[in-house]
Amino acid sequence: MSDIIRLLPDSVANQIAAGEVIQRPASVVKELVENAVDAGATSIDIIIKDAGRTLIQVVDNGSGMSDTDARLAFERHATSKIAAAADLFSLHTMGFRGEALASIAAVARVDLRTMRHDASVGTRLIINGSAVESQTPEACAPGSNMMVKNLFFNVPARRKFLKKDSVELANISREFERLALVNPEVEFTLVHNDAVLHKLIKGSFKQRIVDLFGKILDKQLIPVETSTSIVTIKGFISLPQFARRRNALQYLTVNGRNMRHPYFHKAVMTCYENLIPAELQPNYFLDFQVDPSTIDVNIHPTKNEIKFEDEQAIWQILVAAIKESLGRFNASEGIDFDCIDAPEIPVFSPNAKAEHQVELDPGYNPFADNTADSYRAPKRQTPFTTKTTDALKAAGSDWNKLYQEFTAEADNKPDIRPSALNNIRSIDNEPAEQENELEFNAEQLSATNCIQVKSRFIISPSKSGVMVVDQYRAHLKVLYEKYMSMISQGSFSSQRLLFPEVVTLSPAQNSVMETLVTVLTELGFDLAYLGDNAWSINGAPAVDISPVDTIYKIIDEEIDGGDTAENTLKNHVALTMARGAAVKYGQVLKPEEMDRLLSDLFKLPAPNFTPDGKLIISVIKTEDLVKLFH
């Protein structure tokens, strides 16, 4: 039998590596811009065509490369950032693996022009799918000019699964925002199809935040700053009153590198627990400076997941710094003693005579015999009715007679308690003790006999046992089918808003919004562009949704999983609207609401699963219930 193990050609190995490193055009932008920053560039221009499908060009004024370095830079594991494994623990650059350029060249056509500042002539290198086509001397500006053309031209499957241009451009814009935010000392320009999307001058960290996300943030942010032997934290957080329900801006960086860190995110949220409602999110922009030897960035291909050696200590420092800033800037509510309607607080004087608003009866003795002759009602108003007081006087110490009158009075009132025959209850906490003589015969119950448990599940008897229904998923399914039917029939009616609402988007979100306007209009939204990435919602579908939250959800989900097919987009929008309008967990349902929900659910042709494939109904069989009591 012949040997079956063989070495893969470099071109194949590079394409495999590209599958992890280069996932979409935004990945190319990230890698090329980080290389430019590592090269000491102070000005970087990013030129995009067709959302990166046709062209991704990055021009910088960095150190540039010699002709030998330019050729060697596209080899696998070729890098100027590290020389030994120990260098991984003292990184001061964004890149270090030497895989990015080789991966890009494997799935695109690359045209590089570069020249060092001390050279008189540069070099031009053309690579086509890992194959070097030519390298010639060429006069060019100092620095590098990298053009990546026809991305994934030789990997049709990858190119096929690229999203539509608006979605890919949104991802490029998001990556651009992260890169520009972490490098405020660098000038950036972003151009798409000859239109300038961003032109940022170098400045302070806060100025870069305002330039990227709008001047409105200038008055909403307060500084956070602390320095210890473990970590130095600098940045900005938003005042509690400016927390957002959707679209919160939350960025964490360490040593000039963007990172995702749920643990530190939770630390920030802990500081706002008693200041904002649970459904709101604060904005924050926080930069950590630590010893490079105390972090590990080599745990994910994108280098965005970072492990810290002193996570718990940094957690405590971060919480203390944020709480100190919130307190220093009066983020928590205080008492304003200068307001006009402030209560008058008298000055305490120990010798002053106490004055009371209640007139006291000096002859009243609470320990005297409780008889009709000795009883004196206090002169102040009591909670007893006149009839009750008369009964007390007449009954004297005859408490049995008094109790009989109360009982007779209660018997004459109508019984407003729910009848036990309805067998419909809502159980939010532990079930109360039931009377022993109450019988629960499942076979005699109708379809309306159901119980709500923990404000989350609806339980109802069935022929084969007990049926458990997830109330949120059930309502989601019902609303989705309703909205899809309205879309197909073109019967989505719009209602004018008494007060138009404004949606302020990021540049990335706005590029997606422009492509959604037609579909949103068909669904009943009346939208008008106000400029500066802001939209006015003048009308909304005549369904129970929050227009602003729904717009944000539709845009975010479109960016995460957008598709070019219009029907798929309508399905996506209908599902998003259903998620926003469906009854939430924790909401108590009335018996008639549970009955209507189950009735509507079982009218559907496929009631068991949500549109995204999640289980709605689960049945516990009778034999399984019997086993529980053996």
Worksheet item: Any side-chain heavy atom of Leu527 within less than 4.5 Å of one from Tyr529?
Response: no

Worksheet entry | Heavy-atom donor-acceptor pair, Asp600 side chain to Val478 backbone, under 3.5 Å | no

Discussion item. Does atom CG (Leu625) have a neighbourhood of more than 12 heavy atoms from anything else shown, all under 6.0 Å?
Written reply: yes

Worksheet item: Is atom CD of Gln312 surrounded by more than 12 heavy atoms (other residues, nucleotides or ligands) closer than 6.0 Å?
Response: no

Item to complete: Would you name the heavy atoms of Asp287 and Gly256 that are closest together and state the gap between them?
Response: OD1-N, 4.0 Å

Item to complete: Would you please indicate if the ring centroids of Tyr251 and Phe285 are separated by under 6.0 Å?
Response: yes

Worksheet entry | Asp556 and Gln509 side chains, donor-acceptor separation under 3.5 Å | yes

Discussion item. Could you check whether any side-chain heavy atom of Asn510 comes within less than 4.5 Å of a side-chain heavy atom of Trp535, counting everything from C-beta outward?
Written reply: yes

Worksheet item: Would you find a donor on one side and an acceptor on the other, under 3.5 Å apart, between the side chain of Gln452 and the backbone of Gln587?
Response: yes

Worksheet item: So Leu479 and Met577, side chain to side chain contact (heavy atoms under 4.5 Å, CB included) or not? Walk me through it.
Response: CA-CA 8 Å; Leu479 291 177; Met577 293 175 61; over 6 Å; no

Discussion item. So for atom NZ, which belongs to Lys584, do other residues, nucleotides or ligands contribute more than 12 heavy atoms lying within a distance under 6.0 Å?
Written reply: yes

Discussion item. Please report the interatomic distance CZ(Phe329) to CD(Glu324), rounded to the nearest 0.5 Å.
Written reply: 8.5 Å

Fill in: Interatomic distance, Asn183 atom CG to Leu200 atom CG [nearest 0.5 angstrom]
11.5 Å

Item to complete: For residues Met594 and Gln471, determine if any side-chain heavy atom of one lies less than 4.5 Å from a side-chain heavy atom of the other.
Response: no

Practice prompt. Could you tell me the separation between the NZ atom of Lys199 and the CG atom of Leu190, rounded to the nearest 0.5 Å?
Written response: 11.5 Å

Worksheet entry | Considering all heavy atoms, the nearest Glu31-Ile22 contact | CG-CD1, 4.2 Å

Worksheet item: How about Leu326 and Tyr272: do any of their side-chain heavy atoms sit closer than 4.5 Å?
Response: yes

Worksheet item: Is the shortest side-chain N to carboxylate O distance from Glu177 to Arg174 below 4.0 Å?
Response: no

Discussion item. As a quick check of understanding, evaluate side chain to side chain contact (heavy atoms under 4.5 Å, CB included) for Glu593 and His475, giving each step before the final call.
Written reply: CA-CA 11 Å; Glu593 292 174 332; His475 199 204; over 6 Å; no

Worksheet item: Do the ring centers of Phe264 and Tyr284 come within less than 6.0 Å of each other?
Response: no

Item to complete: For Met269 and Gln281, run side chain to side chain contact (heavy atoms under 4.5 Å, CB included): C-alpha distance rounded to whole Å, both residues' side-chain angles, the deciding distance at 0.1 Å, then the answer.
Response: CA-CA 8 Å; Met269 297 305 299; Gln281 294 275 331; 3.6 Å; yes

Practice prompt. Check whether the side chains of Asn171 and Glu175 place a donor and an acceptor atom closer than 3.5 Å, and report yes or no.
Written response: no

Practice prompt. Work out which heavy atom in Ser455 is nearest to a heavy atom in Val588; give both atom names and the distance.
Written response: OG-CG2, 3.6 Å

Worksheet item: Considering all heavy atoms of both residues, which atom of Ser27 and which atom of Gln23 are nearest to each other, and what is their separation?
Response: OG-N, 3.3 Å

Discussion item. When you compare the side chain of Val29 with that of Ile48, does any pair of heavy atoms fall below 4.5 Å?
Written reply: yes

Discussion item. Can you tell me how far apart CG (Asp470) and OG1 (Thr610) are? Round to the nearest 0.5 Å.
Written reply: 9.5 Å

Discussion item. Is there a side-chain contact between His261 and Phe308 in this structure, where contact means two heavy atoms from C-beta onward sitting under 4.5 Å apart?
Written reply: yes

Practice prompt. Please lay out, stage by stage, how Phe236 and Ile222 fare under the test side chain to side chain contact (heavy atoms under 4.5 Å, CB included).
Written response: CA-CA 5 Å; Phe236 298 89; Ile222 59 176; over 6 Å; no

Discussion item. Can you give me the closest heavy-atom contact between Arg208 and Pro184, atom names plus distance?
Written reply: NH2-O, 3.2 Å

Discussion item. Which residue is it: Ile322, Thr253, Val254? I am looking for the one with a side-chain contact (heavy atoms from CB on, under 4.5 Å) to Leu286.
Written reply: Ile322

Worksheet entry | Over 12 non-hydrogen atoms of neighbours within 6.0 angstrom of CG in Asp612 | yes

Discussion item. For a 4.5 angstrom cut-off between non-hydrogen side-chain atoms, does Ile230 reach Val290?
Written reply: no

Worksheet item: Between the main-chain N or O of Asp218 and the side-chain N or O of Lys206, is there a donor-acceptor pair closer than 3.5 Å?
Response: yes

Item to complete: Find the distance between CG (Asp310) and CD1 (Ile295) and round it off to the nearest 0.5 Å.
Response: 11.0 Å

Response to the item:
CZ (Phe602) and CG (Asn608) are apart, to the nearest 0.5 Å, by 8.0 Å

Worksheet item: Between Tyr263 and Trp315, how do the two ring planes meet: parallel, tilted or perpendicular, split at 30° and 60°?
Response: tilted

Fill in: Nearest heavy atoms of Asn283 and Leu249, plus distance in Å
OD1-N, 2.9 Å

Fill in: Phe176 side chain near Val33 side chain, heavy-atom distance below 4.5 Å
no

Worksheet item: Should the heavy atoms of other residues, nucleotides or ligands under 6.0 Å from NZ of Lys234 be counted, would the total exceed 12?
Response: no

Discussion item. Tell me whether the count of non-hydrogen atoms from other residues, nucleotides or ligands lying under 6.0 Å of CD1 in Ile201 goes above 12.
Written reply: no

Worksheet item: Are the side chain of Ser238 and the backbone of Pro282 linked by a donor-acceptor contact shorter than 3.5 Å?
Response: no

Item to complete: Walk me through it: do Lys477 and Glu481 pass the test salt bridge (charged side-chain N to carboxylate O under 4.0 Å, His left out)?
Response: CA-CA 6 Å; Lys477 175 72 172 181; Glu481 296 295 343; 3.3 Å; yes

